[in-house]
Amino acid sequence: MKEQIALERLTGLIAFARVGSLGSFTAAARSLSISPSAVSKSVQRLEQALGLSLISRTTRSLTLTPEGRDLHERALRLLRDAEEIEQVAKTARAEPSGTLRIAASLPIGIHMIAPVLPAFRALHPKVMIDLRLSDQFVDIVEAGIDVAVRIGDLSDSRLLSRRLAPHRLSCFASPAYLAARGTPAHPDDLAEHDTVNLRYQSSGQVLRWPFRVGDRDIEIIPSSGIVMDASEALMAALVAGGGIGISADFIAAPFLARGDLLPVLTDYAVERHNITALWPESRRANPAVRAFLTHLQGAV
C-alpha cells in the first residue's frame, strides 16, 4: 500500500513538473502522451497528499503558487533523473526502439525531416516517430524532446549538437512573373520589382535578404507588398506570380523540379551552415537517437 501511495506521488510530481514548465495541462498531457484529465487528476491528488495548493487556475491562465514554484525546481530534477534512468535502460537494448520525439520548424519538418522518415522506419521498424512542428522555440529538455532540428546560432549547455549539410539562400520567381517583368541582374534591381518577404514568427522581424557581392556580404530589406510568416505561404504566393522572394534551396527544390519557380540572382546567392541537430545529454546513448542522427546526416 505504501508503495502504491509513493508511486502516485511520483506520478503526480512528474505531471506537475511538466505542467509548470509548459504552462498548461494540455501541453503537459501531450508531452507525456496521456489525456489532460489524467494530468489534472494526478496533480490534484498530489496537492491533496501534500496539503498544498501548487497551481492557481483561472479560466484564462495557469500560474504556480509560491509553494508550487519552490516545489517545481525539485520536481524538475526528479523528472530529469527519471528520464536519465529510462535512457540508461533503453541503451541496454542494442536495437533502436520506442518513441522518438522530434521537434522542428515547419519548413524543416516538411522539406527535410518528413521525406526521410519512411526510409528510416524501414531500417528501424521498432521506432515510432512523433514529429512536432512549430516555429516557436520550446525547451527541449523540459518538453521531453529527443532530437530537435533548428536554424540559427544556438547555445545551450544542456544540449549536444551536430551541424547538418549546408544550404543556399537564393531568390526565386515564377516563369510568368519573370516573362512579364523581366529578370533582375543585380540585387539593386530588386527595387524595380514586386517582392514577397517572410516575417519570423518567433521575433516578428522581417527577413533581411543576404547576398554575396564581390568579396563582401550585404543585406537588404526590400519594400515588399506582401509579407507573411510561413514559408509555405511564401512559396504559394511566388508560384501565383506575386513577385520575387528569397528562400532556402531545400524549401524551393520541389517547386523548381515542377517548373513552378525559377532561380533568380544565383550569382549572388549565399551559403549557410547553420542547420543544427540538438539533443539532451541524457539522450547521448539512446540507440534510436543515434540511429536517427546518422540517418539524417546521410540523407540531407
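Small disclaimer: the values here were computed from a predicted structure and weren't measured.
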Please tell me if the side chains of P280 and L160 come closer than 4.5 Å, counting only heavy atoms from C-beta onward.
no

Say whether T276 and R150, considering side chains only, have a donor N or O and an acceptor N or O under 3.5 Å apart.
no

Going through the distances and angles, do V39 and F16 end up as a side-chain contact (heavy atoms from CB on, under 4.5 Å)?
CA-CA 8 Å; V39 172; F16 168 68; over 6 Å; no

Could you tell me whether the side chain of H186 and the main chain of D188 form a donor-acceptor pair under 3.5 Å?
yes

Which pair of heavy atoms, one from A173 and one from I244, lies closest together, and at what distance?
CB-CG1, 3.9 Å

Within 6.0 angstrom of R284 CZ, more than 12 heavy atoms from elsewhere
no

Using a distance-only test with no angle check, is there a side-chain donor-acceptor pair under 3.5 angstrom linking S35 and S37?
yes

Answer yes or no: is there a donor N or O on one side and an acceptor on the other, between the side chain of E67 and the main chain of L52, under 3.5 Å?
no

Looking at R216, I want to see if its CZ is surrounded by more than 12 non-hydrogen atoms of other residues, nucleotides or ligands under 6.0 Å.
no

Stepwise, does the side-chain contact (heavy atoms from CB on, under 4.5 Å) test hold for I275 with H167?
CA-CA 8 Å; I275 298 182; H167 63 284; 3.5 Å; yes

Strictly distance-based, threshold 3.5 Å: is any side-chain N or O of S97 a donor or acceptor partner for the main-chain N or O of V127?
no

Gap between atom CD of Q48 and atom OG of S53 - 0.5 Å precision:
11.5 Å

Considering only heavy atoms from C-beta outward, does the side chain of L100 approach that of H124 to under 4.5 Å?
no

Would you say L131 ends up clustered with L296 if hydrophobic residues are merged whenever their side chains have heavy atoms under 4.5 Å apart, either directly or through other cluster members?
yes

Taking every non-hydrogen atom, the tightest pair across A185 and Y268
O-CE1, 3.3 Å

Side chain R212, main chain D215, donor-acceptor under 3.5 Å
yes

Quick check against the 3.5 Å criterion: does D229 have a side-chain atom that pairs as donor or acceptor with the backbone of Q201?
no

Between E95 and K126, is there a donor-acceptor pair closer than 3.5 Å when you use the side chain of the first and the backbone of the second?
no

For the residue pair F211 and L265, what are the closest heavy atoms and their distance?
CE2-CD1, 4.1 Å

Please test L159 against W279 for side-chain contact (heavy atoms from CB on, under 4.5 Å), starting from the C-alpha separation and ending with a verdict.
CA-CA 5 Å; L159 302 177; W279 62 100; over 6 Å; no

Do side-chain atoms of R121 reach the backbone of M128 as a donor and acceptor pair under 3.5 angstrom?
no

Rounded to the nearest 0.5 Å, what's the gap from CG on L169 to OG on S247? Could you check?
7.5 Å

Do L64 and L71 have side chains that approach each other closer than 4.5 Å (heavy atoms only, starting at C-beta)?
no

Pair F255 and F172, ring centroids less than 6.0 Å apart:
no

In the structure I gave you, are the side-chain heavy atoms of V206 and I221 within less than 4.5 Å of one another anywhere?
yes

For the residue pair S33 and R101, what are the closest heavy atoms and their distance?
OG-NH2, 3.5 Å

What distance separates I110 CD1 from S231 OG, expressed to the nearest 0.5 Å?
6.5 Å

For the residue pair I145 and I102, establish whether any side-chain heavy-atom pair is separated by less than 4.5 Å.
no

T294 side chain vs R290 backbone, donor-acceptor pair below 3.5 Å
yes

Step-by-step salt bridge (charged side-chain N to carboxylate O under 4.0 Å, His left out) determination, D146 to R283:
CA-CA 7 Å; D146 298 304; R283 306 300 201 271; 2.6 Å; yes

Pair N197, W209: side-chain N/O donor-acceptor within cut-off below 3.5 Å
yes

Distance-only, no hydrogens or angles: does the T65 side chain make a donor-acceptor pair with backbone N or O of L54 under 3.5 Å?
yes

Under 4.5 Å between side-chain heavy atoms, hopping through other hydrophobics if needed: is there a path connecting L256 to V196?
yes

Residue pair H295 / Q297, side-chain donor-acceptor N/O under 3.5 Å:
no

With under 30° as parallel and over 60° as perpendicular, where do the rings of F292 and F120 fit, or are they tilted in between?
perpendicular

Spacing of T195 atom OG1 and L190 atom CG [to the nearest 0.5 Å]
7.0 Å

Side chains of R163 and N274, heavy atoms from C-beta outward: is any pair under 4.5 Å?
yes

Whether the side chain of R30 engages the backbone of P36 through a donor-acceptor N/O pair (distance < 3.5 Å, no angle test) should be reported.
no

State plainly whether one hydrophobic cluster holds both V19 and L76, where clusters connect Ile, Leu, Val, Met, Phe, Trp and Tyr through side-chain heavy atoms under 4.5 angstrom apart.
no

Between atom OG of S56 and atom CG of L62, what is the distance when rounded to the nearest 0.5 Å?
8.0 Å

Answer with yes or no whether the hydrophobic clustering places V264 together with L238; edges join I, L, V, M, F, W, Y residues whose side-chain heavy atoms lie under 4.5 Å apart.
yes

Side-chain heavy-atom pair P166, R272 within 4.5 angstrom cut-off:
no

Hydrophobic cluster membership, with links at side-chain heavy-atom distances under 4.5 Å among I/L/V/M/F/W/Y: are V227 and L207 in one?
no

Considering all heavy atoms of both residues, which atom of L133 and which atom of S105 are nearest to each other, and what is their separation?
CD2-O, 3.9 Å

Looking at every heavy atom in both R18 and S31, which two are closest together, and how far apart are they?
NH1-OG, 3.1 Å

Within the 3.5 Å criterion, strictly below it, is a donor on S21 or H72 matched to an acceptor on the partner's side chain?
yes

Does L234 reach the side chain of I251, with side-chain heavy atoms less than 4.5 Å apart?
no

Should the heavy atoms of other residues, nucleotides or ligands under 6.0 Å from CZ of R74 be counted, would the total exceed 12?
no

